[in-house]
Amino acid sequence: MTRVEASTATAENSTATESGEYQVNPRKGRPGSESAPVEVVVVTGLSGAGRGTAGKVLEDLGYYVADNLPPELIGRMVDLGRAAEPPIRKLALVMDVRNRFFTGNLAAVVEQLRAAGVRTRILFLEASDDVLIRRFGFARRRHPLQSESADGTLTAGIAAERRRLDPIKTAADVVIDTTALSIHQLHRKLEEVYGGDAATVLQLTVQSFGFKYGVPLDADMVFDLRFLPNPHWIPELRDKTGQDAPVSEYVLSRPGAQDYLGTARHLVDLTTEGYRQEGKRYMTVAVGCTGGKHRSVAIAEALGDALASPAADDDSGTELSREVVRVVHRDLGRE
């Protein structure tokens with residue numbers, strides 16, 4: 001749990017041939033970086049099928065996302081990622097039909113990356129014509145190939161794109177049809193395939209604050225500790241804070257404090273599980289008292305410790321992975 005108070009790489013790492021193909025040099029870059037595993041996901045598919053959404057999901061899962069990167073720079077991008085500190089080990093490349101990447105031999109490009117020790121997978125997104133037409137209607141955008149079709153219609157543009165991308169769909173490692181999927185359902189499918197441990201980790205911030213300074217605008221849940229006796233009125237505790245043991249012990253020993261703390265943890269646990277199911281990965285829990293110095297600080301620290309501890313599966317007794325918890329004291333020191 002975290003608590004908070006108020007290299008240069010060169011082009012020689014990869015080479016491009018006159019035909020536009022490139023090679024990755026696996027032993028160039030930061031010393032020792034060649035041993036770091038690198039994973040590349042090429043995200044492509046039909047326009048309107050969800051490439052942008054997929055890129056955002058992969059970014060939340062820890063991928064460095066590059067949109068329409070010129071093909072001759074892909075190898076350099078991989079090498080720069082290896083040489084970075086810390087190294088970029090997960091790279092997602094979002095490509096559409098307008099990119100020159102699709103005029104070359106995708107299979108050859110993928111093989112070059114794999115030969116350099118880069119785990120490379122192709123994700124292809126598609127949807128039915130009627131759904132794509134409806135989505136373009138909502139977005140009020142032209143299809144990228146619409147103007148190239150004989151009659152200039154959206155239907156013709158979609159058909160032309162299907163023909164052009166058919167070889168890529170055949171070579172894809174993962175094909176997802178988004179016709180009947182909501183954004184949340186697509187999010188979960190992508191997490192199942194690419195998420196690993198990151199798919200279940202939620203970044204949780206427990207923030208203490210003083211009501212007299214205003215409720216945090218980004219709070220997802222707010223707990224009010226003003227029902228507890230205020231240590232401010234005890235002379236020997238007034239100048240201390242909720243991080244000091246005498247204040248913390250006083251606050252946590254007041255009638256109702258432990259019950260409230262347990263209830264707060266239970267409510268946060270219920271909410272975070274729902275957030276995971278909805279694909280949300282960040283949550284802020286605000287804990288307030290009058291000035292943000294005593295009660296809220298002590299309870300925020302205790303709640304942070306409780307949430308950071310492993311949870312046991314009631315059926316098996318095994319420990320379950322929990323949130324990454326960060327405790328922040330917004331108004332501590334303002335008085």
Side-chain angles (χ1 to χ4, degrees), residues 1-6 60 184 198 200-312 314 319-335:
M1 181 178 66
T2 303
R3 289 180 171 83
V4 178
E5 309 297 341
D60 287 342
H184 297 313
T200 60
V201 174
L202 185 143
Q203 305 289 329
L204 176 60
T205 299
V206 180
Q207 182 180 66
S208 70
F209 73 96
F211 275 96
K212 70 179 183 180
Y213 301 115
V215 177
L217 297 178
D218 59 348
D220 298 295
M221 299 182 72
V222 178
F223 293 104
D224 186 350
L225 276 302
R226 289 176 294 182
F227 73 94
L228 293 174
N230 192 348
H232 175 80
W233 303 113
I234 301 176
E236 59 268 28
L237 299 180
R238 180 175 300 169
D239 294 333
K240 299 181 184 297
T241 75
Q243 290 182 313
D244 295 317
V247 174
S248 177
E249 292 169 1
Y250 174 83
V251 171
L252 293 173
S253 65
R254 296 307 91 192
Q258 291 296 332
D259 288 342
Y260 193 89
L261 179 61
T263 300
R265 175 180 177 172
H266 179 63
L267 289 173
V268 173
D269 283 341
L270 289 175
T271 305
T272 53
E273 181 58 32
Y275 270 39
R276 289 192 186 93
Q277 293 176 6
E278 290 300 310
K280 297 181 179 180
R281 292 293 168 263
Y282 301 92
M283 179 179 177
T284 298
V285 176
V287 181
C289 62
T290 303
K293 179 180 179 180
H294 296 110
R295 293 163 291 181
S296 63
V297 173
I299 295 296
E301 290 283 343
L303 181 59
D305 287 337
L307 292 170
S309 63
D314 292 337
E319 291 185 347
L320 303 176
S321 61
R322 295 191 56 83
E323 303 81 20
V324 174
V325 181
R326 184 170 179 258
V327 176
V328 178
H329 302 301
R330 191 192 72 176
D331 298 325
L332 193 60
R334 294 187 68 168
E335 290 187 344

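Summarising the geometry, atom CG belonging to Leu237 is positioned 10.0 Å from atom CD belonging to Glu249; distances are rounded to the nearest 0.5 Å. The line from CG of Leu270 to CZ of Arg265 is 11.5 Å long, rounded to the nearest 0.5 Å. Distance check, rounded to the nearest 0.5 Å: OG of Ser296 to CG of Leu303 gives 12.0 Å. Atom OG1 of Thr284 is separated from atom CG of Leu204 by 7.5 Å, given to the nearest 0.5 angstrom. Taken from CG in Leu228 to OG in Ser253, the straight-line distance is 10.0 Å, to the nearest 0.5 Å.
For the pair Asp259 (side chain) and Gly256 (backbone), a donor-acceptor distance under 3.5 Å is absent. When atom types are taken as modelled, the side chain of Arg254 and the backbone of Tyr250 share a donor-acceptor pair closer than 3.5 angstrom. A donor-acceptor pair under 3.5 Å is absent between the side-chain atoms of Asp244 and the main chain of Pro246, judged by distance alone. A distance-only check finds a donor-acceptor pair linking the side chain of Asp331 to the backbone of Gly210 [under 3.5 Å].
A 4.5 Å side-chain heavy-atom check between Pro231 and Val251 finds at least one atom pair inside the cut-off. Considering only heavy atoms from C-beta on, Leu225 stays 4.5 Å or farther from Thr290 through its side chain. Here the side chains of Val285 and Val222 are not in contact, with every heavy-atom distance at 4.5 Å or above. Residues Arg238 and Trp233 are in side-chain contact: their nearest non-hydrogen atoms beyond the backbone lie under 4.5 Å apart. The side-chain heavy atoms of Asp218 and Thr205, taken from C-beta on, include no pair separated by under 4.5 Å.
A side chain to side chain contact (heavy atoms under 4.5 Å, CB included) with Gln243 is found for one member of His294, Glu301, Lys293 and no other, namely Glu301.
For the pair Leu261 and Ala302, the tightest heavy-atom approach, listed with the atom from each and the gap, is CD2-CB, 3.8 Å. Nearest heavy atom pair, residue Thr241 against residue Val247, reads O-CB, 3.2 Å. Closest approach of Arg295 and Pro229 over heavy atoms only: CD-O, 3.4 Å. Considering all non-hydrogen atoms of both residues, Lys212 and Gly291 come closest at CE-CA, 4.1 Å. Here the closest non-hydrogen pair linking Met283 and Asp220 is CA-OD2, 3.3 Å. Across every non-hydrogen atom of Val297 and Ser208, the tightest pair is CG2-OG, 3.7 Å.
Both tests do not hold together for Arg330 against Tyr213: distance to the six-membered ring centre under 6.0 Å, angle to the ring axis within 45°.
Ring orientation note: the planes of Phe227 and Tyr260 are tilted relative to one another, at an angle of 30° to 60°.
Crowding of Leu217 atom CG: a count of heavy atoms from other residues, nucleotides or ligands under 6.0 Å not exceeding 12.
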query = Going through the distances and angles, do Leu307 and Thr272 end up as a side chain to side chain contact (heavy atoms under 4.5 Å, CB included)?
reply = CA-CA 11 Å; Leu307 292 170; Thr272 53; over 6 Å; no
